[in-house]
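What follows is a single structure, written as structure tokens, with notes after it.
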Amino acid sequence: MSIRNPISDEIREKIVIDPMEFVEQEQGSREPPHHFSISWEGEKKKSVMTILSPDELKTKLKKKKVKGKDNPYMPRAVTEEDSNEFVPVVALESRGIEPYQFHAMEGEFIVTSEGGMTFEGEDVDLSEGDWAEYDAENDISLSITDLETKFEAV
């Protein structure tokens, strides 16, 4: 994704965040555990970004009085019925960082056909915004076209 400093015009393009790895923190650090940190020019304090687990997101949303079993902000898998709809796929907590553009990378997505055939890893490359494949076993054409993304603050 690409990020910017919300109080200046400083940007970083195409950063990569691994949801499985936390940034190693210095002993005595007062920052919460996080997946990415940056020191913006002229800022003393680091800005951090964390990928929230479902439980962490529920807790954050409760504080904002957003509740319900079918919460529209809970990340979930995108299905065929979601065509032309935005679906939350990840929840981020950003402190001093504003994500503004998502860049799909090869191997980030898993696509399963109606017949149950799974395509993943380097077989699914949405970096150009489109992807197509054929499930020969079940005689089904699959495609993802015109991938659009957005970041929405809650």
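Hydrogens, waters and symmetry mates are skipped; everything else that's a heavy atom, side chains included, is used.
- For the residue pair Thr59/Glu56, the side-chain donor-acceptor check at 3.5 Å is not satisfied.
- Clustering of Ile, Leu, Val, Met, Phe, Trp and Tyr side chains at separations under 4.5 Å leaves Phe86 isolated, with no partner residue.
- Every residue meeting the salt bridge (charged side-chain N to carboxylate O under 4.0 Å, His left out) condition with Glu93, not counting sequence neighbours, appears here in chain and number order: Lys60, Arg95.
- Cluster annotation: Val23 is not connected to Val48 through the hydrophobic network of ILVMFWY side chains, with a link wherever side-chain heavy atoms come within less than 4.5 Å.
- Scanning for salt bridge (charged side-chain N to carboxylate O under 4.0 Å, His left out) contacts around Asp130 gives an empty result, with sequence neighbours left out.
- Every pair passing ring pair (Phe, Tyr, Trp, His ring centres under 6.0 Å) that includes a residue from residues 30-57 is listed here, sequence neighbours excluded: Phe22-His35.
- For the pair Glu80 and Leu142, the minimum side-chain heavy-atom distance is 4.5 Å or more.
- With values rounded to the nearest 0.5 angstrom, Ser113 atom OG is found 4.5 Å from Ile140 atom CD1.
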Might you work through the side-chain contact (heavy atoms from CB on, under 4.5 Å) test for Asn138 and Glu114, ending with a clear yes or no? CA-CA 8 Å; Asn138 297 291; Glu114 291 174 353; over 6 Å; no

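- Contact annotation: the side chain of Leu57 approaches that of Pro75 to within less than 4.5 Å [non-hydrogen atoms, C-beta and beyond].
- In this structure, CD in Glu41 is found 10.0 Å from CG in Asn5, a value given to the nearest 0.5 Å.
- With values rounded to the nearest 0.5 angstrom, Glu133 atom CD is found 11.0 Å from Ser143 atom OG.
- For the residue pair Ser127 and Asp125, a side-chain donor N or O sits within less than 3.5 Å of a side-chain acceptor on the partner.
- Considering Val90, Ile51, Ile3 in turn, Ile51 is the only one that fulfils the side chain to side chain contact (heavy atoms under 4.5 Å, CB included) rule with Ile17.
- Here the side chain of Ser8 pairs a donor or acceptor atom with the backbone of Glu10 at under 3.5 angstrom.
- Residues Pro99 and Ser94 have side chains in contact (heavy-atom distance under 4.5 Å, counting atoms from C-beta outward).
- A side chain to side chain donor-acceptor pair (under 3.5 Å) with Ser2 is found for exactly one of His103, Arg12, Glu13, namely His103.
- Residues Val124 and Ile110 form no side-chain contact, since every pair of their non-hydrogen atoms from C-beta on lies 4.5 Å or further apart.
- At least one side-chain heavy atom of Met105 sits under 4.5 Å from a side-chain heavy atom of Val16.
- Defined by atom type and a distance below 3.5 Å, a donor-acceptor pair is missing between the side-chain atoms of Glu120 and Thr118.
- By the 4.5 Å heavy-atom criterion applied to side chains, Leu52 and Leu92 are not counted as neighbours.
- Contact annotation: the side chain of Phe119 approaches that of Trp131 to within less than 4.5 Å [non-hydrogen atoms, C-beta and beyond].
- Closest non-hydrogen pair, Ser47 versus Gly96, comes out as OG-O, 3.1 Å.
- Atoms CG and CZ, from Asn71 and Arg76 in turn, are 11.5 Å apart once rounded to the nearest 0.5 Å.
- For the atom pair CE of Met49 and CD1 of Ile38, the computed distance is 9.5 Å after rounding to the nearest 0.5 Å.
- The distance from atom CD1 of Ile97 to atom CZ of Arg4, rounded to the nearest 0.5 Å, is 13.0 Å.
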With a cut-off of 3.5 Å and sequence neighbours excluded, list every side-chain donor-acceptor pair involving residues 145-154.
unit_1	atom_1	unit_2	atom_2	d
Lys150	NZ	Glu152	OE1	3.3

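- At distances below 3.5 Å, not a single donor-acceptor pair connects side-chain atoms of Thr112 with backbone N or O atoms of Gly116.
- Legend: residues meeting ring-ring contact (aromatic ring centres under 6.0 Å, His included) with Tyr134, ordered by chain and number and at least two apart, are absent.
- Across all their heavy atoms, Pro33 and Thr50 have their closest contact at O-OG1, 3.4 Å.
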